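Below is one structure, written out as structure tokens; the observations come after it.
Every chain is numbered from 1, with letters handed out A, B, ... down the list of sequences. Treat the numbers as computed from the prediction; the structure is a model and nothing was measured.
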Protein chains: 2
Amino acid sequence: MSPEDKPVPRAAPGRKKRLSREIVLSAALALVDAEGLDALTMRRLGQELGRDPMGLYRYAANRAALLDGVSELVLNELAIFPDDPDWQAQLRHIAHDLRLLALRHPNVVPLLVTRPLSTPLGLRPLGTLRPLEQILSLLIDAGFAPADALHVYRAYYGYLYGHILNELQELIVDPDENEALLRLGLHRLPPKDFPRLRSLAPVLANYDGAAELDQGISILLSGLAARLSPPDAQTRD
Amino acid sequence: MSPEDKPVPRAAPGRKKRLSREIVLSAALALVDAEGLDALTMRRLGQELGRDPMGLYRYAANRAALLDGVSELVLNELAIFPDDPDWQAQLRHIAHDLRLLALRHPNVVPLLVTRPLSTPLGLRPLGTLRPLEQILSLLIDAGFAPADALHVYRAYYGYLYGHILNELQELIVDPDENEALLRLGLHRLPPKDFPRLRSLAPVLANYDGAAELDQGISILLSGLAARLSPPDAQTRD
DNA sequence: AACAACTTCTCTACAATGTAGACTCTAAAC
DNA sequence: GTTTAGAGTCTACATTGTAGAGAAGTTGTT
């Protein structure tokens, strides 16, 4: 390529319409989904939008803010749940929704998990806090004392995030190579030190995330209901 | 500073003893503990060790490998547990150990959580897999069928990691400013949209992580024991 | 002792990144 | 028109990870 050329034929030549936060963030999300977090550089995103990278700073104060925006955008995909009177069913439903969300955007999960660690609770993007508020009010409406609702929320979300991390760790992108890769990887382990792990290879290979999640949630929820001031399963009002 | 000077008086002038992987990794860990992940650059670490940054590549192939090394190092702090016949007690013990580990090295937790996402199971640093193997064998020894042991492990570790993330998110470094900061943050939230969260501020402020973890573990373990082929609590042999 | 074959350490150099600051362009307000 | 504010662009710079060449140190062989 001769260095005199326009560096790259811009993404879409005709459409120089005005940018907006949403446009920028969705482009960023698309990029992360397609090529991973590292691909999301200001320059690359600018190129993707056919704009000068510096222009992006109009819509996100810096790269970190951009990342926050992306996680917020993803969390907004979480549908609002209908008001099912059965709180357990609702939590179960949300759990599966969030799981699917994570599988749809696996590259964003690290953001969802780590960004909050650097931002105190109250200062997070609002979209990030909405699920928390929703679940709290769901639980309180179901009859839990507010403080107990918080405990339930913590146990529930804790397990949920943990499960998602677990599942993504065991996820291999190419389903055909799944078992092969797994065995290949495990093959490297010294048999003396890792007998259990190695012998579990076949079980590891077919992992039913949804089922596993569902089972865990059941255990947790019934345990929580029993241990805390149990709101009558059917509230009548 | 005049640019002609030696850039920095090296950390410890006299001690030019041979480096080693452990030395490098512990220095890296110390740096991360003290100043966070971003402070861990090759140049900075080199400076900390009084060595040329390039020399570090002798002990870690690249920065990513260095990060892996740090998480491995941290995980090695997990003590081997004695062979208590009560598997539930053991798991509970390990959970608390891991929690304390996380609190001791909060800046490393993002690594523990996200690095495995980019590395297929079998290819991770061995130190990272050791807890998995240990817990599997613990469970199998306790009488679980291997496949069930895997399920228990997943639910258990899932919840455990989730809890740790939760707790670290709510952790504010300066204990005095804790409530103030929290309120300050929450104050920003629109009261219409976040009534529950706001009203829970005082409860949020004093969070007893250990108790919360313990309770969650209890729920999970008893649920797991009931649902899966329950090994007799006391194995006799 | 001298040499050779290593490992380890150091220096220089470069491409890529985030972002500051000044400039230009566009579009609405007067 | 002329002015003004904002959006978009360009240039420039400090900082990063790391390649590659060499210097210095260590060890083994003769």
Side-chain angles (χ1 to χ4, degrees), chain A residues 1-25 27-28 31-32 35-70 107 111 115 118, chain B residues 1-25 27-28 31-32 35-70 107 110-111 114-115 118:
Chain A
M1 319 260 177
S2 75
E4 307 296 344
D5 283 351
K6 283 277 176 59
V8 148
R10 263 57 193 287
R15 43 150 82 161
K16 277 278 196 172
K17 39 180 307 193
R18 208 42 159 293
L19 285 187
S20 73
R21 186 148 209 270
E22 284 81 39
I23 297 182
V24 171
L25 289 184
L31 192 53
V32 172
E35 311 189 26
L37 274 179
D38 290 344
L40 180 54
T41 71
M42 301 310 258
R43 286 169 166 87
R44 179 70 197 283
L45 183 55
Q47 171 179 324
E48 216 70 29
L49 288 164
R51 287 305 201 309
D52 186 284
M54 282 298 115
L56 304 176
Y57 286 93
R58 201 78 40 175
Y59 304 101
N62 48 40
R63 183 163 187 268
L66 207 159
L67 294 178
D68 280 336
V70 170
N107 295 333
L111 286 187
R115 298 284 325 153
S118 18
Chain B
M1 321 254 174
S2 75
E4 308 297 344
D5 281 350
K6 283 277 176 62
V8 147
R10 263 62 193 282
R15 44 150 81 163
K16 278 277 197 176
K17 40 179 307 193
R18 196 72 143 281
L19 286 187
S20 74
R21 187 148 207 271
E22 284 81 39
I23 296 182
V24 171
L25 290 183
L31 193 52
V32 171
E35 310 189 26
L37 275 179
D38 291 344
L40 179 54
T41 70
M42 301 310 260
R43 286 171 166 86
R44 179 69 197 282
L45 182 55
Q47 172 179 322
E48 217 70 29
L49 289 163
R51 287 304 201 309
D52 186 284
M54 283 298 114
L56 305 177
Y57 287 93
R58 203 70 40 170
Y59 306 101
N62 48 40
R63 183 162 187 269
L66 207 160
L67 295 178
D68 280 337
V70 171
N107 295 333
L111 286 187
T114 56
R115 299 278 332 149
S118 19

In dot-bracket form, how is DNA chain D paired, counting a Watson-Crick or G-U wobble pair only if both its distances are under 3.5 Å and using | for bases paired to another strand?
||||||||||||||||||||||||||||||
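In terms of modelled atom types and a separation under 3.5 Å, the side chain of A:Arg51 and the main chain of A:Gly46 share no donor-acceptor contact. Looking at B:Arg63, its side chain does come within 3.5 Å of a backbone N or O of B:Leu40 through a donor-acceptor pair.
Rounding to whole angstrom units, OH of residue A:Tyr59 and C1' of D:dA7 are separated by 7 Å. One can place CG of A:Asp52 at 12 Å from C1' of C:dC23, the figure rounded to the nearest angstrom. When the C1' atom of C:dT26 is taken as reference, atom CG of A:Leu19 falls 14 Å away, rounded to whole Å. Summarising the geometry, the separation between CD1 on B:Ile23 and C1' on C:dT8 is reported as 14 Å, rounded to the nearest angstrom. Look at CG on A:Leu66: it is 14 Å from P on C:dT17, rounded to the nearest Å. As rounded to whole Å, 14 Å separates atom C1' of D:dA7 from atom CG of A:Leu49. For A:Arg51 and D:dC10, the CZ to P distance is 12 Å, given to the nearest whole Å.
Nearest heavy atom pair, residue B:Asn107 against residue B:Pro110, reads O-CD, 3.4 Å. Counting all heavy atoms, side chain and backbone alike, A:Leu49 lies closest to A:Ile23 at CD2-CG2, 4.0 Å. In terms of heavy atoms, A:Tyr59 sits closest to A:Val24 at CD1-CG2, 3.8 Å. Minimum interatomic distance between A:Met42 and A:Tyr57 (heavy atoms only, all atoms of both residues): CE-CZ, 3.4 Å. The two residues A:Ala39 and A:Leu31 make their nearest non-hydrogen contact at O-CD2, 3.6 Å.
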Which letters describe nucleotides 12-22 of chain D, given B = protein heavy atom under 4.0 Å from base, S = only from sugar-phosphate, - = neither?
B---BBBBB--
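Atoms CG and CG, on B:Leu56 and B:Leu45 in that order, are 5.0 Å from each other to the nearest 0.5 Å.
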